[in-house]
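See structure below.
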Amino acid sequence: MDPAAVSSFQTHLAASSRIVAIIGAGLSAPSGLSTFRSTNGLWNKHDVFLIASPAGWRRDPGLVWKFYSGRRRDALAAKPNPAHFALANLARHKQGFVALSQNVDGLLQRAGLNAGTQLKLLHGNLFDLACAGGCGYVEEGNTDDPLCPALSLSATTEEKEKKVLGADIAEEEKPPRASALLFAGIAAKNKKILGDEKFVPPELTRRDAAPLKELGEEERLPDTIPALHSGISKEELPLCPGCEGKNLLRPSVVWFGEALPEDVMSDVDALFAEEKIDLCLVIGTSSKVWPTAGFAEQARNRGARVAWVNTEMEAVKNKRRDDWVFLGDAGTVLPEILGVYGTDKLGE
Ligand code: BJW
C-alpha cells in the first residue's frame, strides 16, 4: 500500500466523527465464507436465483432451506477476522460510526458491533426466522443446527446439494429473475437519487429482463428439471408457531424484488437526509446490488470522502480524485489503514 495514501487517510480519519461503512461479502471472505459473485462464489457454485428467491421458495421451500442450512452451518463454524474486530474497535472510538452491512452471517455482531445502533442489517440475518405467510412472527438468534431432521448434514451432503441445487442447468433453461417492470421502476428510482450523470444502468442479462407475466408459474421453475426437487415435504420443515403452523418459517433475509426492512431503511434515509458525513468506507462489496450500490454516492452528497477496500479495482465505482483505493484482502488492509482506531488500545 502507498504509505502517503495511508497517511493522508489516517489524518482524515482522526478528524472524522460521522463515519459510514458500507459492507459486503468480501469482509467475511478472510473468515473463509464464500462471496456471491467472485470466482468460486455462491453465485458460481449454485444458481442462487433458482433457490434464494420468492419464486424458488414458492416452488420448493425444502431446497431453499437446504441452501440456507449450509450457509448457517458455515457461518457458525467461521470466526470473525481482524477486519471485523478493527471495525468494532473503530465503533468504540468513534461514537458517530455506523456500519450498513449487506452480510447476513452474524460475524460483525460476534466481533462486538451492536446491531441496531452501530450496525444496520440491510439484508437481514441468517439466524432470524420469520413467518413465510406474513403473520408477523419473528424468532431472533436461532442457531439450532439442524433446524429439523430433514435438514441434518447427512441429508444434505455437498455432492447431493450440487446436483439438487441445479448448478449444471443451461443458461437458456433457467427461469427469469424478476419482472422487467420491477427492474425498470427501481432503476428509475435509483436514477432519481443519483442524477442522470452518475447513474449507470446495471447490465441486465436475458433472464433479468424476461417478463415474468408472459410465463406461467410452471414455466418459471420448470418441473422438467428433475434436479430441482429437494425431496423434502412442507410437513418436514419448521412451522410458524405464530399462526399455529399454518405457514412455514423462512430465513429472515432479503431476496431480490423484496423490500429491505422498513425500520432499517428509515434509519438509512435519516442518515443520508440529515447528517453531515465525514468519511465513507466501502468494504468488500461489488456494489452491484441496489439500493446499497447507491449509498456511497449518497454519502458523498452529505460531504463524505470515500475510501474503498477491495481485492478488485472493478468494484470501485464512480471514483473521484480524492478517493482512497486500498487494494488487498480486507483482513489485512483494514486493520492497517485504521491504525490505532482499529485497535482496542487507543486512549487507555
Ligand atoms: C474482497 C475479498 C477480500 C472478495 N477482501 N474484498 C436498478 C436497476 C435494476 C434492478 C434493480 C435496481 N435497483 C434494484 C434492483 C433490483 C435488485 C438489484 O439490485 N438487482 C441487481 C442485480 C441489478 N435489488 C433488489 O431487489 C433489492 N430490493 C429492492 O430494491 O426492493 C425494492 C422494493 C421496494 C418496495 C417493495 C418491493 C421492492 C433487494 C436486494 C436483495 C439482495 N439479496 C442478496 C441475498 C441476501 C440473502 C443471502 O445472503 O442469501 O444479498 S443477493 C446478494 O448480493 C446478497 C448480498 O448481500 C448482495 C451483495 O453482494 P456483495 O456483498 O457485494 O457480494 P459480491 O460477491 O457481489 O462481492 C464481493 C466483493 O468482495 C467483490 O467486489 C470482491 O472483489 C470483494 N472481495 N474477497 C476484500 N478478501
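Indexing begins at 1, ligand by ligand and atom by atom, following the structure's order.
- For ligand 1 and V289, the ligand atoms under 4.0 Å from any heavy atom of the residue are 19 (O), 40 (C), 42 (C), 54 (O), 58 (C), 59 (C).
- Of the candidates W308, F256, W290, it is W290 that places a heavy atom closest to atom 27 (C) of ligand 1.
- Nearest residue to atom 60 (O) of ligand 1 from E262, R37, R71 is R37 (criterion: closest heavy atom).
- Proximity of A29 to ligand 1, defined as any heavy-atom pair under 4.0 Å, is confined to the side chain (atoms from C-beta onward).
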I'd like to know whether N89 forms a side chain to side chain donor-acceptor pair (under 3.5 Å) with T343, so could you lay out the CA-CA distance, the side-chain angles of the two residues, the decisive distance to 0.1 Å, and finally the verdict. CA-CA 6 Å; N89 286 326; T343 71; 5.8 Å; no
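- By the 3.5 Å distance cut-off applied to N or O atoms, V104 is not counted among the residues near ligand 1.
- For W255 and H123, the ring centers are positioned 6.0 Å apart or more.
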Going through the distances and angles, do Q10 and S7 end up as a side chain to side chain donor-acceptor pair (under 3.5 Å)? CA-CA 5 Å; Q10 288 182 344; S7 163; over 6 Å; no
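- A side-chain donor-acceptor contact under 3.5 Å links Q102 and T285.
- When L27, I283, N310 are ranked by how near their heavy atoms come to atom 76 (C) of ligand 1, first place goes to N310.
- Ligand 1 has an N or O atom lying under 3.5 Å from an N or O atom of G284, backbone or side chain.
- Aromatic ring orientation, W65 versus W57: perpendicular (interplanar angle above 60°, classes split at 30° and 60°).
- For atom 39 (C) of ligand 1, the nearest non-hydrogen atom from the set Q102, H123, E258 belongs to E258.
- Close approach of ligand 1 to E312 (heavy-atom distance below 4.0 Å) involves ligand atoms 75 (O).
- Contact annotation: E314 has no heavy atom less than 4.0 Å from any atom of ligand 1.
- Across every non-hydrogen atom of P238 and C148, the tightest pair is CD-SG, 4.0 Å.
- Close approach of ligand 1 to V253 (heavy-atom distance below 4.0 Å) involves ligand atoms 47 (C).
- Remark: ligand 1 and G257 share an N or O pair separated by less than 3.5 Å (distance only, no angle test).
- Remark: the Q298 side chain and the N301 side chain contain no N/O donor-acceptor pair separated by less than 3.5 Å.
- Between A315 and ligand 1, no pair of N/O atoms sits closer than 3.5 Å.
- In summary, of the residues considered (D128, L237, L129, L147), a side chain to side chain contact (heavy atoms under 4.5 Å, CB included) with L249 occurs for L129 alone.
- Taking 4.0 Å as the cut-off, G328 counts as a neighbour of ligand 1 on heavy-atom distance.
- Ligand 1 has a nitrogen or oxygen under 3.5 angstrom from a nitrogen or oxygen of T285.
- When only interatomic distances are considered, the shortest N/O to N/O separation between F36 and ligand 1 falls below 3.5 Å.
- Taking every heavy atom of G24 and a limit of under 4.0 angstrom, the matching atoms of ligand 1 come to 62 (O).
- Below 30°, between 30° and 60°, or above 60°: for F9 and F326 the angle between ring planes is above 60°, a perpendicular geometry.
- Any N or O atom pair closer than 3.5 Å counts here, and A330 shares at least one such pair with ligand 1.
- A pairwise comparison of heavy atoms in V282 and S287 identifies CG1-OG, 4.2 Å as the closest pair.
- A donor-acceptor contact under 3.5 angstrom links the side chains of T117 and N114, judged on distance only.
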